2 protein chains.
Amino acid sequence: MDGARRSQADRRARSRSAILAAAARGLSRYGYANLVLDRVAAEAGYTRGALYHQFSGKEDLALAVVAWIEETWTAEVGRLTREVADPVEALLAVARAHAVYCRRDVAGALMTLRTEFAGQDHPVGRAIMKIFDRLVAEYTPLIAAGRERGTLPPGPPPEETARAYLATVEAVVIALAGREPYDAELADRAARGLLGLPPAPAGPAG
Amino acid sequence: MDGARRSQADRRARSRSAILAAAARGLSRYGYANLVLDRVAAEAGYTRGALYHQFSGKEDLALAVVAWIEETWTAEVGRLTREVADPVEALLAVARAHAVYCRRDVAGALMTLRTEFAGQDHPVGRAIMKIFDRLVAEYTPLIAAGRERGTLPPGPPPEETARAYLATVEAVVIALAGREPYDAELADRAARGLLGLPPAPAGPAG
DNA sequence: TCATTTACATACGCGAATGCACGCATGTTA
DNA sequence: TAACATGCGTGCATTCGCGTATGTAAATGA
C-alpha cells in the first residue's frame with residue numbers, strides 16, 4: 001500500500017498545512033499573545049516538535065499564516081480590483097466578495113492581529129500594516145477616480161475614506177460572523193454609505 | 001500646607017483613578033494579555049504594591065476599567081438614545097457622538113478587549129459582551145421603529161442591522177483615530193449606509 | 001542492506017509576569 | 001503621644017509557555 005508509505009516531501013507538506021490551518025484558526029480566536037503553540041500543534045495532530053521543525057518559532061508561524069491569508073485573499077477577493085473596470089463597481093464587488101471570503105473560520109485572524117499590534121513595533125504587526133497600507137494605496141486612487149468621473153460624490157479625502165472603507169467592511173463581516181445573506185448585504189450597504197452613494201435600488205444584491 | 005498633608009481617602013481616590021487611567025490607556029494600546037501590571041503602576045507613578053492594594057488583580061483591574069468606560073460612554077453618548085426623540089436621528093447622533101468620545105486615548109480599549117475575548121469564556125470578555133448585547137438590545141427596536149414609521153427603508157433583520165451598525169461605527173472611528181472632522185463625517189456616512197438612508201444633503205455634518 | 005538524512009516526540013532550561021508575603025512610613029483616633 | 005489603621009514599596013515563590021537539545025522511527029540513496 002502506498003497509502004501508508006508516503007514520501008517525505010508529502011509528509012512535510014501535509015504537516016505544514018495542517019499546522020498552518022490550526023494556527024490560523026487559533027490566531028483568529030485567541031490572537032497572538034494568547035496563542036499557545038502546544039495547543040496549535042495538538043489541534044493539528046502533532047506536538048511542538050513538529051511545529052518547531054517546520055517553523056523557526058511563534059513569530060515565524062504567525063508570519064506564515066499572514067502570508068497564507070494574504071495569498072488566498074488576493075486570489076479570491078483582491079483580484080476583483082483589477083478585473084472590474086469601473087472603480088465604484090470594483091469597490092462594491094470587493095465588499096461583497098470579502099464577506100463571502102470571511103465565511104470560513106479564519107475570518108477574524110487579520111483583524112485580531114491588526115488590533116493586537118496596532119501602535120506596536122512587532123514584525124507581525126509590521127507585516128499586517130504593510131498589507132493594510134498596500135490596500136489603502138490601492139483603493140485610494142479608485143475613490144479619487146470615481147469622484148473625478150462623477151460616479152462618486154465628493155467627500156472626505158480619498159485616503160481617509162479608503163481607510164474607513166476597509167475597516168468597515170472588515171468589521172461588519174466579523175460582527176455578523178457568516179450569517180449568510182446579511183453579511184454581504186450589510187457590507188454592501190456600509191460601503192455605499194461611506195462612498196456617499198445612495199442605497200441600492202431594490203432586492204438584496206446576489 | 002494642606003497640599004502635602006492629604007487625607008487617606010483622598011490619597012486612595014487619587015491613586016485609584018491614576019491607576020485606572022493608566023490601565024485604560026494600556027488596555028487600549030496593548031490589550032489584556034500584553035498588559036503588564038508593572039508598567040501600568042509605573043505609568044501611574046506607583047508600583048505594583050499600590051495596584052494590588054486597590055484591585056484584587058489583573059482581572060479586577062480590567063473589569064474596573066470596563067465599568068469606568070461604560071459609565072463615561074453612557075453619560076456622553078448613550079444618553080442620546082433617550083434624549084433624541086426620533087429613532088433615526090438618535091442613531092445618527094450616537095454615531096457622531098461616539099466619534100467625538102473616541103478622540104481621547106482610551107478609544108480603542110473596548111474594541112481591543114472585545115476582539116481579544118471574542119469566543120472565549122473569560123470574565124472580562126463576558127462583561128464586554130454584556131455591554132455590547134445591551135446596546136444591541138437598545139438599538140434593535142429603534143431600527144424596527146424607524147422602519148415602521150417609514151423613516152427607514154426595509155432591510156436585513158433589525159438585530160443584524162444593529163450589530164453591523166455598532167461594529168461599523170466603532171471600527172470607522174478607530175481606523176481614523178481622531179482625524180478630527182473626518183471621523184465623525186465618515187461614521188455618519190457609514191451609519192446612513194447601513195440603515196439604508198440616502199447620503200446627507202450637503203456640507204459636512206457639524 | 002546499510003548509512004544518512006528527515007520527520008517528529010520527549011525532556012529540560014530559562015525568562016517573564018503574576019500574586020502574595022512582609023516591612024516601612026504616613027495618616028488617624030484616643 | 002501612644003496605639004492602631006492604611007497606603008504603598010519590596011522581595012519571594014509559583015506558574016506558564018517559549019525555545020532548544022536530545023532521542024527515535026521512518027524514508028531515502030548507495
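To find a chain, count down the sequence lines: A is the first, B the second, and so on, and within it residues start at 1. Predicted, not measured: the structure shown is a model, and the values here were computed from it.
Between B:Arg48 and B:Asp38 there is no salt bridge, since no side-chain nitrogen of the basic residue lies less than 4.0 Å from a carboxylate oxygen of the acidic one.
Within the structure, every side-chain polar atom (N or O) of A:Arg11 is placed at least 4.0 Å from both OP1 and OP2 of C:dA7. One finds no side-chain N or O of A:His53 lying less than 4.0 angstrom from the OP1 or OP2 phosphate oxygen of C:dC8.
Within residues 54-69 of chain A, the residues approaching DNA chain C are A:Gln54, by heavy-atom distance under 4.0 Å. The stretch residues 41-49 of chain A comes close to DNA chain C through A:Tyr46, A:Thr47, A:Gly49, each having a heavy atom under 4.0 Å from the strand. In the region residues 16-38 of chain B, proximity to DNA chain C at under 4.0 angstrom, judged on heavy atoms, holds for B:Leu35, B:Val36, B:Leu37.
A:Thr161 contributes a side-chain N or O that, together with a main-chain N or O of A:Pro156, makes up a donor-acceptor pair within less than 3.5 Å. At least one donor-acceptor pair under 3.5 Å links the side chain of A:Arg147 to the backbone N or O of A:Pro153. A donor-acceptor distance shorter than 3.5 angstrom exists from the side chain of A:Thr151 to the backbone of A:Gly146, with no hydrogens or angles considered.
With sequence neighbours left out, A:Tyr182 forms a side-chain hydrogen bond (donor to acceptor under 3.5 Å, both in side chains) with no residue at all. For A:Thr140, there are no side-chain hydrogen bond (donor to acceptor under 3.5 Å, both in side chains) partners at least two apart in sequence or on another chain. Partners of B:Gln54 according to the side-chain hydrogen bond (donor to acceptor under 3.5 Å, both in side chains) rule, which considers only residues two or more places apart in sequence or in another chain, do not exist here.
Expressed to the nearest 0.5 Å, how far CG of B:Leu92 lies from CZ of B:Arg192 amounts to 5.0 Å.
Contact annotation: the side chain of A:Ile131 never approaches that of A:Ile69 to less than 4.5 Å [non-hydrogen atoms, C-beta and beyond]. Put simply, the side chain of A:Thr72 reaches to within 4.5 Å of the side chain of A:Tyr101, judged on heavy atoms.
In this structure, A:Tyr52 atom OH and C:dA9 atom P are separated by 14 Å, rounded to whole Å. One interatomic measurement links the two molecules: CZ of B:Arg39 to P of C:dA17, which rounds to 7 Å at whole-angstrom precision. Put simply, CZ on A:Arg12 is 15 Å from C1' on D:dA26, counting in whole angstrom units.
Closest approach to the B:Ser7 side chain among C:dC8, C:dT28, D:dG7 is made by C:dT28 (side chain taken as heavy atoms from C-beta onward).
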Requested in this report: Carefully, step by step, assess B:Phe55 and B:Leu37 under the rule side chain to side chain contact (heavy atoms under 4.5 Å, CB included).
Outcome: CA-CA 11 Å; B:Phe55 304 94; B:Leu37 297 187; over 6 Å; no
